[in-house]
Amino acid sequence: MTADHRATTPEASATGHTTSTPMSVRVVAGVVGGLAGGFVFGLLMAMMGTLPLIASLVGSTSAGVGFAVHLMISVLIGLALTIAGAGLLRGSLMKSALIGALYGMLWWVLGPLLVMPAMMGMPLFTLDGASLTSLMGHVVYGVILGVVATLVIRRRR
């Protein structure tokens with residue numbers, strides 16, 4: 001059997017899930033989910049005025065460049081979830097939303113609390129109003145990523 005025509009187990013048949021999600025489907029789910037979540041989060045960042053800060057990661061101050069960089073990062077993070085953890089996105093949309101929210105929180109710690117300040121010579125793990133607003137954006141991103149990626153995976157099967 002080809003990767004796109006795998007047999008299903010009785011349990012998988014009952015839930016509509018195959019035993020394994022083909023890589024091509026996982027990639028599409030990560031890109032589409034990452035873009036969907038990244039777009040909404042990017043709009044929140046535009047309203048908060050933080051896109052120039054993201055642009056500074058590539059030596060720019062343009063909000064448009066910041067939005068583009070943010071979307072690229074969003075796609076990469078989406079791909080990391082759907083390629084490495086596609087099995088996590090099986091089941092209900094509520095479960096996928098919860099997994100996405102937790103994944104967003106993880107990236108909040110890794111991104112704006114650790115990696116980004118380290119790259120910019122700023123203090124690590126700073127908790128203030130801006131970082132807590134960023135947490136909200138990361139959770140929104142993760143929920144959208146989880147739900148959209150799950151819907152893409154379901155549709156492509």
Side-chain angles (χ1 to χ4, degrees), residues 15-17 21-157:
T15 61
H17 298 300
T21 304
M23 181 61 73
S24 61
V25 173
R26 289 186 274 167
V27 167
V28 170
V31 170
V32 173
L35 284 173
F39 184 79
V40 173
F41 187 13
L43 293 177
L44 293 171
M45 293 172 77
M47 290 188 291
M48 296 182 297
T50 57
L51 289 173
L53 180 63
I54 302 303
S56 71
L57 292 172
V58 294
S60 176
T61 58
S62 163
V65 169
F67 196 80
V69 169
H70 169 73
L71 286 178
M72 286 187 276
I73 293 168
S74 297
V75 167
L76 292 174
I77 291 172
L79 286 168
L81 177 62
T82 59
I83 290 173
L88 296 172
L89 300 176
R90 294 185 180 162
S92 72
L93 291 180
M94 186 61 76
K95 177 185 170 202
S96 294
L98 178 60
I99 300 255
L102 294 172
Y103 189 66
M105 289 178 199
L106 170 68
W107 280 103
W108 171 68
V109 171
L110 293 175
L113 295 185
L114 183 62
V115 173
M116 193 166 163
M119 289 175 65
M120 301 176 81
M122 299 165 60
L124 307 181
F125 299 106
T126 300
L127 294 177
D128 56 18
S131 65
L132 295 177
T133 302
S134 176
L135 170 60
M136 176 195 70
H138 280 83
V139 169
V140 168
Y141 164 81
V143 167
I144 294 170
L145 166 63
V147 169
V148 170
T150 298
L151 291 171
V152 169
I153 290 169
R154 285 181 183 176
R155 177 138 173 91
R156 296 274 179 161
R157 285 195 181 137

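Bear in mind the structure is a predicted one, so any value in this text is a computation, not a measurement. Counting from 1, the numbers follow the sequence of the chain as shown.
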Parallel, tilted or perpendicular: which one describes the rings of Tyr103 and Trp107, with boundaries at 30° and 60°?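 Rings of Tyr103 and Trp107: perpendicular, over 60°.
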Taking all non-hydrogen atoms of both residues into account, name the closest pair between [X] and [Y] and its distance.
X	Y	value
Ser92	Lys95	OG-N, 3.0 Å
Phe125	Val109	CE2-CG1, 4.0 Å
Ala101	Val143	CB-CG2, 3.8 Å
Pro123	Pro117	O-CB, 3.4 Å
Met116	Pro112	CB-CA, 4.2 Å
Gly146	Thr150	O-OG1, 2.8 Å

Distance-only criterion, 3.5 Å: show the donor-acceptor pairs between side-chain atoms of residues 55-65 and protein atoms not counting sequence neighbours.
residue : atom : partner : partner atom : Å
Ser56   : OG   : Leu53   : O            : 2.4
Ser60   : OG   : Ser62   : N            : 3.0
Ser62   : OG   : Gly64   : N            : 3.1
Ser62   : OG   : Val65   : N            : 3.2

[atom1] of [X] to [atom2] of [Y]: how many Å apart, nearest 0.5 Å?
X	Y	atom1	atom2	answer
Met105	Tyr141	CE	OH	15.0 Å
Ile144	Ser96	CD1	OG	14.0 Å
Leu98	Leu88	CG	CG	11.0 Å
Leu145	Leu79	CG	CG	9.5 Å
Thr82	Ile77	OG1	CD1	12.0 Å

May I ask you to test the [X]-[Y] pair for a side-chain heavy-atom distance under 4.5 Å?
X	Y	result
Arg155	Leu151	no
Leu127	Leu113	yes
Arg90	Ile99	no

Identify all side-chain donor-acceptor contacts of residues 26-47 below 3.5 Å with residues at least two apart in sequence or on another chain.
residue : atom : partner : partner atom : Å
Arg26   : NE   : Thr21   : O            : 3.0
Arg26   : NH1  : Ile83   : O            : 3.0
Arg26   : NH2  : Thr21   : O            : 3.4

Above 12 or not: heavy atoms from other molecules or residues under 6.0 Å from CE of Met94?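 Not more than 12 within 6.0 Å, no.
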Sequence neighbours excluded - side chain to side chain donor-acceptor pair (under 3.5 Å) pairs with any residue from residues 112-132: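 Every pair satisfying side chain to side chain donor-acceptor pair (under 3.5 Å) with a residue in residues 112-132: Asp128-Ser131.
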Hey, does the side chain of His70 reach the backbone of Gly66 with a donor-acceptor pair shorter than 3.5 angstrom?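 Judged by distance alone, no pair lies under 3.5 Å.
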